[in-house]
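Per chain, numbering begins at 1; letters A, B, ... match sequence-line order.
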Protein chains: 2
Amino acid sequence: MVRWKPGARERLQAAALERFAAQGFDGTTVAEIAATAGLTERTFFRHFADKREVLFAGQDEFERLFLAGIEEAAGSDPMAIVAAALEGATAFFPDERRAWSRARQRVIDADPGLQERELLKLSGLATAMTDGLRRRGVDPTAAALAAESGVAVFRVGFATWIGEGEERPLAEVLRAVLAELRTLVTTPQA
Amino acid sequence: MVRWKPGARERLQAAALERFAAQGFDGTTVAEIAATAGLTERTFFRHFADKREVLFAGQDEFERLFLAGIEEAAGSDPMAIVAAALEGATAFFPDERRAWSRARQRVIDADPGLQERELLKLSGLATAMTDGLRRRGVDPTAAALAAESGVAVFRVGFATWIGEGEERPLAEVLRAVLAELRTLVTTPQA
DNA sequence: GACCCTGATGTCAGCGACTGCCATCAGTAC
DNA sequence: GTACTGATGGCAGTCGCTGACATCAGGGTC
């Protein structure tokens with residue numbers, strides 16, 4: 001006989017998303033999530049550092065994809081490397097995941113606390129990208145700027161991809177947004 | 001006889017920054033801040049929505065400067081308008097404020113929770129700028145991109161301005177960073 | 001002067017997030 | 001069989017934060 005059912009972590013994540021969607025983030029207690037997953041509050045906090053984190057697990061994998069894109073990119077032009085990183089990260093969001101991403105994003109968009117956490121994650125991503133670029137010999141300030149721009153492109157692109165009616169795969173959307181950034185910044189000032 | 005000394009809000013802010021710098025954000029309780037300011041915990045929460053917010057009051061004024069820059073900018077090129085907004089916002093950070101900004105930033109950089117809040121504020125700024133640009137007829141996606149880029153430039157520039165040994169005024173640093181962004185994105189890919 | 005109203009504060013009770021400490025007990029190794 | 005490990009539960013306690021109610025100086029009204 002097994003003492004505990006396996007997959008506690010996954011059960012907690014599923015229970016949390018379901019509850020948050022139904023009653024809101026603030027309207028859901030950790031004890032409630034744990035009970036839904038057949039566990040206790042104490043166990044929840046052994047799997048996730050805090051209540052918000054339950055929605056952001058797996059982010060490490062996402063960051064690793066980004067960095068892999070940077071490592072493997074050819075050439076030394078910062079924005080070209082960033083473009084490669086963006087390309088690599090799209091593997092984390094296949095089309096099958098779009099509906100799930102939408103649901104998760106709805107929950108996040110409804111709570112400032114969750115938005116904070118999301119921003120922190122993206123900021124960490126930018127920092128990691130900056131380091132990766134610098135390791136490839138890019139000038140420090142240029143690296144920071146390129147990384148921040150890359151994350152900005154991702155944000156705008158991801159929001160578009162999530163948007164109603166949008167059907168293009170993420171990679172295609174990101175390429176379009178990046179092209180738009182180039183146009184925007186290149187256009188002579190009025 | 002006065003029942004309460006005036007300037008409770010300012011006293012709380014000063015006490016908080018002093019304590020945070022001395023014992024860290026987590027190592028300081030709200031009750032302690034309030035006591036230092038000669039008040040109670042309950043009163044603290046009447047002035048600030050939460051413990052973090054005590055370091056971010058006055059942000060509205062900052063945002064207003066940004067928006068004013070957008071309203072008053074000439075021409076219709078998005079990045080030119082953003083440049084004007086950046087220019088306008090520098091009024092919020094005269095050179096006399098550099099030392100204070102450094103101290104405050106040290107506290108923020110030492111605590112992830114405070115970084116989250118800072119990011120949320122900057123994100124709100126980007127959203128406000130996006131709206132401002134759209135109101136001026138800029139294409140929605142271009143507006144979002146231009147605003148995000150503008151905030152990225154501000155972030156990088158502000159960090160530089162705060163940096164050790166840096167002596168140029170913020171406006172000058174921001175102009176340099178913006179120029180660098182243009183170069184970066186314009187450079188042909190390798 | 002008596003009256004009332006307002007506004008900033010204090011007091012208190014209570015919830016929920018989070019942590020430290022110790023107990024439990026199936027499975028595994030030896 | 002004994003010892004060890006690892007995921008969990010139980011419990012007490014701190015702290016952030018909120019709602020409800022009380023207090024009391026100052027200002028206005030009559």
Tell me the interatomic distance from Q23(A), atom CD, to dG16(C), atom P, rounded to whole angstroms.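 The answer, rounded to whole Å, is 12 Å.
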In whole Å, what is the span from the CH2 atom of W4(A) to the P atom of dG6(D)?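 My rounded result for the distance is 10 Å.
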Let's test your reading of the model: under 3.5 Å, does the base of dG9(D) pair with the side chain of R46(A) as donor and acceptor?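 Yes, the side chain and the base share a sub-3.5 Å donor-acceptor pair.
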Output all residues satisfying side chain to side chain donor-acceptor pair (under 3.5 Å) with D50(A), sequence neighbours left out; order by chain, then residue number.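 With sequence neighbours excluded, D50(A) shows a side chain to side chain donor-acceptor pair (under 3.5 Å) to R117(A), given in chain and number order.
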Please tabulate, for side-chain N and O atoms in residues 57-71 of chain A, each donor-acceptor pair with protein atoms closer than 3.5 Å (sequence neighbours left out).
residue	atom	partner	partner atom	Å
E61(A)	OE1	R64(A)	NH1	2.7
E71(A)	OE2	R135(A)	NH1	3.3

Checking contacts here: which listed nucleotide (dT8(D), dC21(D), dA8(C)) is nearest the side-chain heavy atoms of A8(A)?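 Among the listed nucleotides, the one closest to the side chain of A8(A) is dT8(D).
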Under the salt bridge (Lys or Arg N to Asp or Glu O under 4.0 Å) test, residues paired with D95(B) that sit two or more places apart: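 Partners of D95(B) by the salt bridge (Lys or Arg N to Asp or Glu O under 4.0 Å) criterion, ordered by chain and then number, come out as R98(B).
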Show me the pairs that pass side chain to side chain donor-acceptor pair (under 3.5 Å) and involve residues 4-14 of chain A, at least two apart or across chains. none
Applying ring pair (Phe, Tyr, Trp, His ring centres under 6.0 Å), which residue pairs with at least one partner in residues 9-40 of chain B are found, sequence neighbours left out? F20(B)-F25(B)
Pairs where residues 142-155 of chain B contributes a residue and the test salt bridge (charged side-chain N to carboxylate O under 4.0 Å, His left out) is met, not counting sequence neighbours: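 Salt bridge (charged side-chain N to carboxylate O under 4.0 Å, His left out) check on residues 142-155 of chain B returns E148(A)-R155(B), R155(A)-E148(B).
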Would you list the pairs meeting salt bridge (charged side-chain N to carboxylate O under 4.0 Å, His left out) in which at least one residue belongs to residues 35-49 of chain A, sequence neighbours left out?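 Passing the test, one end in residues 35-49 of chain A: no pairs.
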From CG (L86(B)) to CG (L170(B)), nearest 0.5 Å: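 Answer for the CG-CG pair, L86(B) versus L170(B), is 8.5 Å.
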Sub-4.0 Å heavy-atom contacts from residues 31-45 of chain A onto DNA chain C, ordered by number: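 Residues of residues 31-45 of chain A under 4.0 Å from DNA chain C: E41(A), R42(A), F45(A).
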Pairs of donor and acceptor atoms involving the side chains of residues 31-40 of chain A, under 3.5 Å and at least two apart or interchain, shall be tabulated with distances.
residue	atom	partner	partner atom	Å
E32(A)	OE1	T29(A)	N	3.4
E32(A)	OE2	R19(A)	NH1	3.2
E32(A)	OE2	Q23(A)	NE2	3.2
T36(A)	OG1	R19(A)	NE	3.4
T36(A)	OG1	E32(A)	O	2.8
T40(A)	OG1	T43(A)	OG1	3.3

Heavy-atom contacts under 4.0 Å between residues 47-61 of chain B and DNA chain D, which residues?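 DNA chain D contact set from residues 47-61 of chain B: A49(B), D50(B), K51(B).
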Does anything in residues 109-116 of chain A come within less than 4.0 Å of DNA chain D? Heavy atoms only, and list the residues if so. none
Mind checking side-chain contact (heavy atoms from CB on, under 4.5 Å) for D139(A) and listing every partner two or more places apart, or none if nothing turns up?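 Once residues adjacent in sequence are excluded, the partners of D139(A) under the side-chain contact (heavy atoms from CB on, under 4.5 Å) criterion are T141(A), A142(A), E180(B).
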